Structures are given as C-alpha cells and as structure tokens.
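In the text below, chain A, chain B and the rest are named by the order of the sequence lines, each starting its count at 1. Keep in mind it's a predicted model, so treat the numbers as computed, not measured.
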Amino acid sequence: MGRRYYCTARCLAMENAIYALVDCNNFYASCERVFNPALKHKPIVILSNNDGCVIARSNEAKAIGIPMGLPYFQCKTLIEQSHTHVFSSNYTLYGDMSSRIMSLLSAFTPEYEIYSIDEAFLKLDSLAIQDHLVYASKIQQHILKSTGIPVSVGIGPTKTLAKVANYIAKKKTLLGLFEIHAANVEEMLASLAVEDIWGIGNNLGKRLRQMHIHSALDFKQASPVKMRKQFSVVVEKIVHELNSLSCLGLNEIEPKQSITSSRSFGIKVTELARLKEAIAYHSTIACTKMRKQHSFARGIYVFIKTSKHNEKQPYYRNAITVTFESPLNDTGLIIQQALQAIEKIFCPHLSYHKAGVMLLDLIDASLLQPDLFSPSPNRVILMEALDKINAKFQKGALFYAAEGIQKKWQMKRGKKSSDFTTNWKELAIAYAK
DNA sequence: TCTGGGGTCCTAGGACCC
DNA sequence: TCTGGGGTCCTAGGACCC
C-alpha cells in the first residue's frame with residue numbers, strides 16, 4: 001500500500017491580495033551611518049557577538065569581497081587593507097531603530113506583520129490605492145526622512161512573490177522598488193536561482209537541482225503534489241505561492257513558546273562558580289523577556305559546552321531539562337532551579353566556551369490554574385518592581401548577586417558604537433563647523 | 001588567541017490507547 | 001501459521017529564516 005496524504009496545503013481564498021515587503025538596506029550598517037555620517041559611501045562590516053564573525057556588510061564592503069559569516073580573524077587582513085570600518089553589534093541601537101521604523105510603517109496600513117528586526121510585510125489590498133509603486137515610494141521616502149534608514153519595497157500577490165520582488169528591487173533597480181504581477185512573473189522567476197527563493201536553503205536547493213529544478217521558474221512549474229511527497233507541506237506551499245495562490249497570511253504576533261538566552265564567553269571559563277554566574281545571568285535575561293509577554297514557564301533547559309575548535313581537550317556538551325512542579329515566572333526561584341541543574345552536568349578540568357538557558361513550554365498568565373504553590377502576592381509585586389526599575393534606568397540597574405559583580409566572562413564587544421538613542425549619557429553630539 | 005544568537009515549523013518514529 | 005486500524009502525544013532532529 002502506498003502512503004496516503006490526507007491534507008493538501010490549505011490556501012487562503014483571497015482574490016487579488018497585494019503584499020508589500022519593506023526591507024531595510026544593509027540595516028546594521030545603515031544604523032551606524034545615521035549617527036556617523038562620515039561613514040557614507042565607506043565600507044562597513046558589523047561583527048557577531050564576541051566579535052566572532054561578519055554578520056552584516058555595507059554595499060561597499062560587499063563589493064570588496066568580504067564574505068558573510070566568515071570569522072573575523074580570517075578576513076582581518078582584507079578588512080584592514082581595504083580600510084573597512086568595523087563595528088561590534090549594538091543590538092540596543094538596532095532594536096530601537098527597528099521599533100521606530102515599524103511604528104512608522106504601521107501608519108501606512110492596519111494589516112501588517114513585523115517579520116524580523118529589519119523587515120515587515122504590509123497588506124495593501126484593502127486600501128484605496130491607484131498605484132502600488134507610488135505608495136511604496138511614499139513609504140520609502142517617509143522612512144528615510146524620519147529615521148535616515150534606506151529601505152527597499154517589493155510588491156506581489158503573495159508573500160513569497162513579494163520577497164522575490166524585494167530581491168529584484170535591491171539587486172536590479174536603482175530606486176529599490178519593484179512589483180511582480182501576472183505579466184512579468186515568469187520572466188522574473190526565470191532569472192532567479194531556486195536557492196534564492198524564500199524558504200529554499202542550500203540543502204533543499206541541492207535536492208531540487210538533482211530533480212532538474214534549477215530556476216525559480218522551473219520550481220513554479222513543478223507539481224505541488226510531487227513536491228509534497230518528496231519534501232513537505234512547506235515546500236508545496238512555496239510552489240503554490242509562486243503561482244500567485246496565497247498560502248501564507250499575515251502572522252499575528254503570538255507570544256513565544258520558548259525563550260532562550262545564551263552567549264559564548266569572552267574568555268575561557270573553567271570554574272563552576274563562574275559558570276553559575278553566567279547561568280544566573282541568562283536566567284535573568286530570559287525571565288525578564290518572559291514576564292514582558294505575560295507568560296509562565298513549565299520548565300527550564302540548561303546547557304554548557306566547550307569549543308568544537310579547541311583541539312587540546314575533548315568536545316564536551318551537556319544539558320539538562322528541569323520540569324517545575326508548577327509554572328514559574330519568578331527570577332529568584334528559576335535561578336535556584338537552574339543552579340541546581342548545572343551542578344549535575346558540570347565536568348571539571350574543562351575550559352568552557354558557551355552556556356545558556358531556555359525557558360520551556362510557556363503558558364499565558366491568564367491560563368494559569370492557581371494552586372498551593374502559586375507565587376505569593378509579595379513575589380509578584382517584587383518582580384513587577386524589579387522590571388519597572390530596570391526599564392526606567394537601564395538593563396541590569398538591579399540584578400541578582402548570583403550573577404556575579406564583575407562578570408569577566410561576558411562577551412567581547414571591543415568596537416561597539418554608542419547607545420545613541422537609549423542612553424542619556426551616549427547621545428550623539430553635533431559639532432558646528 | 002579568535003568560528004553568533006534566537007527563533008519557527010515540520011516529520012518520523014516510538015509509546016500508548018481502544 | 002496468520003498479529004488490524006485508527007488515533008494521540010511526545011521527542012529528537014532536520015531545515016529554514018534573519
């Protein structure tokens with residue numbers, strides 16, 4: 001008996017849907033430029049946490065040939081020779097710039113989805129607009145004028161085609177605006193490699209090429225049923241989307257089901273005491289995020305690992321999941337659980353590279369069944385006060401002693417720019433000539 | 001010396017149930 | 001000899017995204 005497939009991709013019965021994808025150009029590099037105009041037309045790269053890898057580049061840096069994702073030490077010579085400006089990532093700044101942009105975008109349509117730190121989908125079909133590209137141009141100018149960040153806009157009848165349009169807007173147009181419609185869709189897809197479609201990575205791309213599907217147009221013409229059998233419902237949906245059949249709607253912002261905080265250390269860590277500080281610190285970060293979305297965790301996952309690249313010692317990684325007796329959102333209680341857990345997986349005489357926690361199985365506070373072990377009202381007030389104080393002053397104004405005072409293991413960010421928009425002491429300074 | 005962090009969704013397969 | 005069919009729940013792992 002062959003396997004039966006019960007469900008096919010459910011498509012949204014939407015006639016004439018119009019999606020616009022607004023994507024900031026080289027977002028991190030652009031943020032740095034806003035506060036340092038001398039960087040205009042200069043090559044810029046931004047490094048990952050701990051100044052590890054290149055994670056963002058300006059167009060000039062791309063042109064020089066500095067690759068994405070490469071460890072910094074491997075391209076340091078090229079970066080120095082080409083006088084490329086280097087920044088550590090400054091998520092406080094990028095996050096704040098992002099929320100300003102998203103807030104501006106929300107004025108252009110009631111139906112939108114914040115997809116990532118630098119992208120948003122806007123649904124335009126319910127608006128009385130004559131020309132989508134004219135509207136997109138207004139959006140573009142407004143964002144640039146209000147924040148200094150350049151954006152590109154791609155428009156299409158599905159989210160996947162809007163993504164394609166945005167790709168074309170960035171690569172092949174001068175203004176950074178492009179619309180895909182029935183008359184030009186095949187021509188555009190013919191010139192696009194299958195891996196460049198949203199949702200098709202290197203792995204699926206390789207397998208598709210083995211099936212003689214090389215371009216996005218080949219993929220559009222593939223049988224959805226076959227794609228589902230060979231791959232999954234996700235891949236089937238992409239085929240439908242390329243055929244202008246909308247399968248992906250706007251996602252509402254839903255509370256996270258799990259929240260992770262983890263970092264590799266700025267220095268090698270061998271002592272249990274230091275690891276405990278880091279675990280307490282990550283517990284605090286994750287708990288703060290969790291309370292912000294009004295959730296409780298039913299458990300926590302605690303992990304530590306050594307570096308894969310260190311040949312002087314065996315690669316060790318271990319993790320432990322603790323299930324709470326009743327759901328928790330109290331930083332103090334969660335730190336206690338996490339610290340007990342790490343003692344069980346700590347292995348002495350190793351130099352650790354990374355540690356972190358994941359709060360699991362989150363539920364909304366309103367769904368909580370009160371029981372004997374529910375948090376006492378005093379603890380609830382304490383957590384509220386803690387969050388308010390840290391929000392008002394700055395992250396870490398109040399912290400648990402378990403996190404340690406010096407936190408020497410914290411990541412390196414030797415080339416970070418100032419927190420221009422969120423810290424009174426670091427405001428940008430204008431000089432008169 | 002130095003190799004990121006934080007998510008989501010889907011599938012397969014095992015355990016278990018009637 | 002011959003060991004169904006249909007379902008749920010859970011977990012691990014793969015693949016993808018930015």
Would you mind telling me which residue lines up with the more 5' stretch of DNA chain B, A:Asp51 or A:Ser232, judged by nearest nucleotide?
-> A:Asp51

For A:Ile197, which contact category applies under a 4.0 Å heavy-atom criterion: base, sugar-phosphate, or nothing?
-> sugar-phosphate

Expressed in angstrom and rounded to an integer, what is the separation of A:Arg317 atom CZ from C:dA12 atom P?
-> 13 Å

Nearest of B:dT8, B:dG4, B:dC10 to any side-chain atom of A:Ser258?
-> B:dT8

Among the nucleotides B:dG6, B:dG4, C:dC18, which one has an atom lying closest to any side-chain atom of A:Ser264?
-> B:dG4

Would you tell me if any nitrogen or oxygen in the side chain of A:Ser48 comes within less than 4.0 Å of OP1 or OP2 on B:dG5?
-> no

Under the salt bridge (Lys or Arg N to Asp or Glu O under 4.0 Å) rule, what do A:Lys276 and A:Glu343 come out as? Steps first, then yes or no, please.
-> CA-CA 9 Å; A:Lys276 281 183 158 180; A:Glu343 289 192 3; 2.6 Å; yes

Please work out which residues in residues 68-89 of chain A have a non-hydrogen atom less than 4.0 Å from an atom of DNA chain B and list them by number.
-> A:Pro71, A:Phe73

When you check the phosphate oxygens OP1 and OP2 of C:dA15, does a side-chain N or O of A:Asn203 lie under 4.0 Å from one of them?
-> yes

Can you find a side chain N or O atom of A:Thr260 that sits less than 4.0 Å from OP1 or OP2 on B:dG5?
-> no

Centroid-to-centroid, A:Tyr281 to A:Trp409, below 6.0 Å?
-> yes

Centres of the A:Phe121 and A:Trp198 rings: under 6.0 Å?
-> yes

Where do A:Arg291 and A:Thr331 land on the side chain to side chain donor-acceptor pair (under 3.5 Å) test, with the steps shown first?
-> CA-CA 10 Å; A:Arg291 286 193 296 271; A:Thr331 305; 2.8 Å; yes

Going through the checks in order, is the side chain to side chain donor-acceptor pair (under 3.5 Å) test met by A:Ser152 and A:Asn25?
-> CA-CA 7 Å; A:Ser152 300; A:Asn25 300 347; 2.7 Å; yes

Nearest-neighbour nucleotide for the A:Ile55 side chain, B:dG6, B:dG5, B:dG4 considered = B:dG4

Closest to the A:Gln257 side chain, choosing from B:dG6, B:dC9, B:dC10 = B:dC9

Has A:His353 got a side-chain N or O lying under 4.0 Å from the OP1 or OP2 atom of B:dC2?
-> no

Report the distance from atom CD of A:Gln293 to atom C1' of B:dT8, rounded to the nearest whole Å.
-> 14 Å

Per A:Tyr115 side chain, nearest of listed nucleotides B:dG4, B:dT3, C:dC17 | C:dC17

Run the side-chain contact (heavy atoms from CB on, under 4.5 Å) check on A:Leu192 and A:Phe219 step by step: do they pass?
-> CA-CA 10 Å; A:Leu192 192 71; A:Phe219 190 49; over 6 Å; no

Indicate whether OP1 or OP2 belonging to B:dT3 is found under 4.0 Å from a side-chain N or O atom of A:Ser307.
-> no

A:Ile149 to A:Ile143 - nearest heavy-atom pair and separation = O-CG2, 3.7 Å

What class does the angle between the rings of A:Phe303 and A:Tyr301 fall in, given that below 30° is parallel, 30 to 60° is tilted and above 60° is perpendicular?
-> tilted

Distance in angstrom units between A:His282 NE2 and B:dG4 P, rounded | 14 Å

Which nucleotide, B:dT8, B:dG6, B:dG4, lies nearest any side-chain atom of A:Tyr91?
-> B:dG4

Note every stem involving DNA chain C: at least three consecutive Watson-Crick or G-U wobble pairs, i with j then i+1 with j-1, with both distances under 3.5 Å.
-> B:5-18 with C:5-18

Nearest-Å distance, CD (A:Glu119) to P (C:dC17)?
-> 11 Å

Touch class at under 4.0 angstrom, heavy-atom based, for A:Lys412 against every strand present | nothing

Can you check the A:Met102 CE to C:dC18 C1' distance for me, whole Å?
-> 12 Å

Atom-pair distance (NZ on A:Lys206; P on C:dA15), nearest Å | 10 Å

Please determine, for the side chain of A:Lys256, which listed nucleotide (C:dC18, B:dG6, B:dG7) has the closest atom?
-> B:dG7

Integer-rounded Å distance: B:dG5 P and A:Phe265 CZ | 10 Å

For A:Ile259, which contact category applies under a 4.0 Å heavy-atom criterion: base, sugar-phosphate, or nothing?
-> sugar-phosphate

Give the nucleotide from the list C:dC17, B:dT11, B:dT3 with an atom nearest to the side chain of A:Cys53.
-> B:dT3

Can you check the A:Arg298 CZ to C:dC10 C1' distance for me, whole Å?
-> 14 Å

State whether A:Tyr72 and A:Lys415 meet the cation-pi test: NZ (Lys) or CZ (Arg) under 6.0 Å from the six-membered ring centroid, and within 45° of the perpendicular axis.
-> no

side-chain contact (heavy atoms from CB on, under 4.5 Å) between A:Gln337 and A:Leu333, intermediate numbers included = CA-CA 7 Å; A:Gln337 298 272 353; A:Leu333 302 179; 5.8 Å; no

Taking only the side-chain nitrogens and oxygens of A:Lys268, find out if one of them lies under 4.0 Å from OP1 or OP2 of B:dC2.
-> yes

Quick note, A:Trp198 side chain, CB onward, closest among C:dA15, C:dC17, B:dC10 is C:dC17

Could you check whether A:Asn50 gets within reach of a base, just the sugar-phosphate, or nothing at all, counting any heavy atom under 4.0 Å?
-> nothing

Contact class for A:Asp118 (heavy atom, under 4.0 Å): base, sugar-phosphate, or nothing?
-> sugar-phosphate

Might you work through the salt bridge (Lys or Arg N to Asp or Glu O under 4.0 Å) test for A:Glu60 and A:Arg33, ending with a clear yes or no?
-> CA-CA 13 Å; A:Glu60 297 78 10; A:Arg33 261 182 196 153; 2.9 Å; yes

Check whether any side-chain nitrogen or oxygen of A:Lys163 sits under 4.0 Å from OP1 or OP2 of C:dC18, and answer yes or no.
-> yes

Step-by-step salt bridge (Lys or Arg N to Asp or Glu O under 4.0 Å) determination, A:Glu403 to A:Lys407 = CA-CA 7 Å; A:Glu403 299 170 33; A:Lys407 300 188 177 75; 3.8 Å; yes

Mind checking A:Leu47 for me? I need base, sugar-phosphate or nothing, with any heavy atom below 4.0 Å counting as a touch.
-> nothing

